[in-house]
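Note sheet for the following structure.
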There are 2 protein chains.
Amino acid sequence: MKVTELAKSLRTTADTVRYYTRLGLLKPVKSVNGYKSYSNKEVSRLKFILSARKLGFSVADIMQIINESEDGKSACPLVRSLIKERLEETTKQFQAMLTLRNKMSLAISQWEKMEDKAPTPHMVCHLIENFEQIEKT
Amino acid sequence: MKVTELAKSLRTTADTVRYYTRLGLLKPVKSVNGYKSYSNKEVSRLKFILSARKLGFSVADIMQIINESEDGKSACPLVRSLIKERLEETTKQFQAMLTLRNKMSLAISQWEKMEDKAPTPHMVCHLIENFEQIEKT
DNA sequence: CTTAGACCTGTGTCTAGAACACAGGTCAAG
DNA sequence: CTTGACCTGTGTTCTAGACACAGGTCTAAG
């Protein structure tokens with residue numbers, strides 16, 4: 001299997017496959033023409049990687065998990081612990097996004113009542129530069 | 001004003017100041033000893049940049065906005081239009097985060113009922129590799 | 001004056017997770 | 001044999017800074 005074939009068969013991109021290959025997560029054989037050739041084992045390996053990515057694991061996490069399992073150990077304890085860390089992070093980011101979203105919405109609605117102004121030497125855009133005060137009121 | 005002074009006075013880092021300087025958003029003068037020297041104009045410029053960043057504008061957006069205002073034009077129309085784009089993006093990311101968070105929580109709770117398993121040649125971790133089916137039920 | 005040490009400097013490199021650019025290779029049709 | 005479509009690996013780019021590092025500055029003590 002060539003890069004693009006593998007990528008298409010799992011609905012991802014050739015660049016992604018190449019990226020994981022560079023990191024050593026996939027280990028294709030060099031075929032005669034110099035192209036990378038992926039076996040069925042690589043297919044299930046990639047399937048695993050993509051599932052883990054969708055669950056929020058980082059690529060570094062996945063490397064760890066794979067290393068653990070290649071030592072013959074059960075990766076499950078590691079997986080359980082890592083996902084808790086990632087969930088915490090995701091929750092934080094999620095809340096940051098929520099806060100930002102609300103702030104942006106407020107800005108848009110407040111700015112509707114305000115006029116455009118030309119810049120001055122000490123003010124690039126009054127909408128932005130006065131928003132902090134508006135926000136507090 | 002030196003890099004660190006400027007940074008501290010606006011509660012940011014010297015690296016951030018240096019970064020904006022590299023991009024040309026701040027234009028310090030070289031002082032005798034080769035150090036960058038920032039004027040009061042730079043202080044308000046940086047204040048503007050930091051406010052805009054907090055509102056979700058990208059650094060590239062900010063460059064655009066500043067260019068507009070340096071041409072003597074009102075940056076307000078640009079600002080109004082850019083923030084709407086950024087809000088859409090933020091909303092999308094926010095929803096993606098929400099979905100991911102729920103998925104992760106579901107995984108954690110489902111996995112509590114499942115045992116650890118050793119890896120097999122075609123399975124790195126059954127928790128992850130079987131989750132898609134679990135999710136659908 | 002010298003030296004020690006604290007702090008500061010600019011420049012260059014690194015991060016995540018790919019996406020993109022590019023010169024060249026492969027392969028089937030004509 | 002050539003054209004053209006598609007494919008390849010490698011190297012570079014992206015965000016928004018954080019970090020490393022060799023060396024410079026500056027104040028206080030000796």
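Remember, predicted model here, so these are calculated numbers, not experimental data. So that the names make sense, note that chain A is the first sequence line, chain B the second, and so on, each numbered from 1.
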Would you say the side chains of B:Asp61 and B:Ser58 form a donor-acceptor pair under 3.5 Å?
yes
Within less than 4.0 Å of OP1 or OP2 of C:dC7, is there a side-chain N or O belonging to B:Thr4?
no
Check every atom of D:dC7, D:dG17, C:dC8 against the side chain of B:Thr16 and return the nucleotide holding the closest atom.
D:dG17
Validation row: B:His126, B:Met123 side chains within 4.5 angstrom (heavy atoms):
yes
Whole Å only: how far is the CE atom of B:Met63 from the P atom of D:dG17?
13 Å
Which nucleotide in the set C:dT9, D:dA16, C:dG17 lies at the smallest distance from any side-chain heavy atom of B:Arg53?
D:dA16
Determine: side-chain N/O of B:Ser58 to OP1/OP2 of D:dT15, distance under 4.0 Å, yes or no.
no
Please determine whether a side-chain nitrogen or oxygen atom of A:Arg18 lies at a distance below 4.0 Å from atom OP1 or OP2 of D:dG9.
yes
Could you state the atom-to-atom distance from CD of B:Gln64 to P of D:dT15 in whole Å?
12 Å
If you check the A:Lys36 side chain, which of D:dG24, D:dG9, D:dT8 turns out closest?
D:dG9
Between A:Glu5 and A:Lys36, does any NZ, NE, NH1 or NH2 come within less than 4.0 Å of an OD or OE carboxylate oxygen?
no
Could you check A:Arg22 against A:Gly34 and say which one's nearest nucleotide on DNA chain C is further toward the 5' end?
A:Arg22
Rounded distance in Å - OH (A:Tyr19) to P (D:dT12):
17 Å
Within the 3.5 Å criterion, strictly below it, is a donor on A:Ser109 or A:Glu112 matched to an acceptor on the partner's side chain?
no
Among C:dA16, D:dA16, C:dA19, which is the nearest nucleotide to the side chain of B:Val59?
D:dA16
Check the phosphate of D:dG17 against B:Thr13, side-chain N and O only, distance under 4.0 Å to OP1 or OP2. Yes or no?
no
Check whether any side-chain nitrogen or oxygen of A:Tyr20 sits under 4.0 Å from OP1 or OP2 of C:dA18, and answer yes or no.
yes
Give the rounded distance in Å between these two atoms: CD1 of A:Ile49 and C1' of C:dA16.
15 Å
Tell me the interatomic distance from A:Lys54, atom NZ, to C:dA18, atom P, rounded to whole angstroms.
12 Å
Heavy atoms from C-beta onward define the side chain here; which of C:dC8, D:dT10, D:dA16 lies closest to that of B:Lys2?
C:dC8
Under 3.5 Å, is there a donor-acceptor pair linking the side chains of A:Thr13 and A:Asp15?
no
Counting side-chain heavy atoms from C-beta on, which of D:dG17, D:dT8, D:dT25 comes nearest to B:Tyr35?
D:dT25
Could you tell me how far apart A:Leu23 (CG) and C:dA19 (C1') are, to the nearest whole angstrom?
15 Å
Can you measure A:Asp15 atom CG to D:dT8 atom C1' for me and round it to whole angstrom units?
11 Å
In whole Å, I'd like the distance from the NZ atom of A:Lys8 to the P atom of D:dC6.
9 Å
Test item: side-chain donor near acceptor, A:Thr90 and A:Gln93, under 3.5 Å
no
Candidates C:dC8, C:dC27, D:dT10 - which lies nearest the side chain of A:Asn33
C:dC27
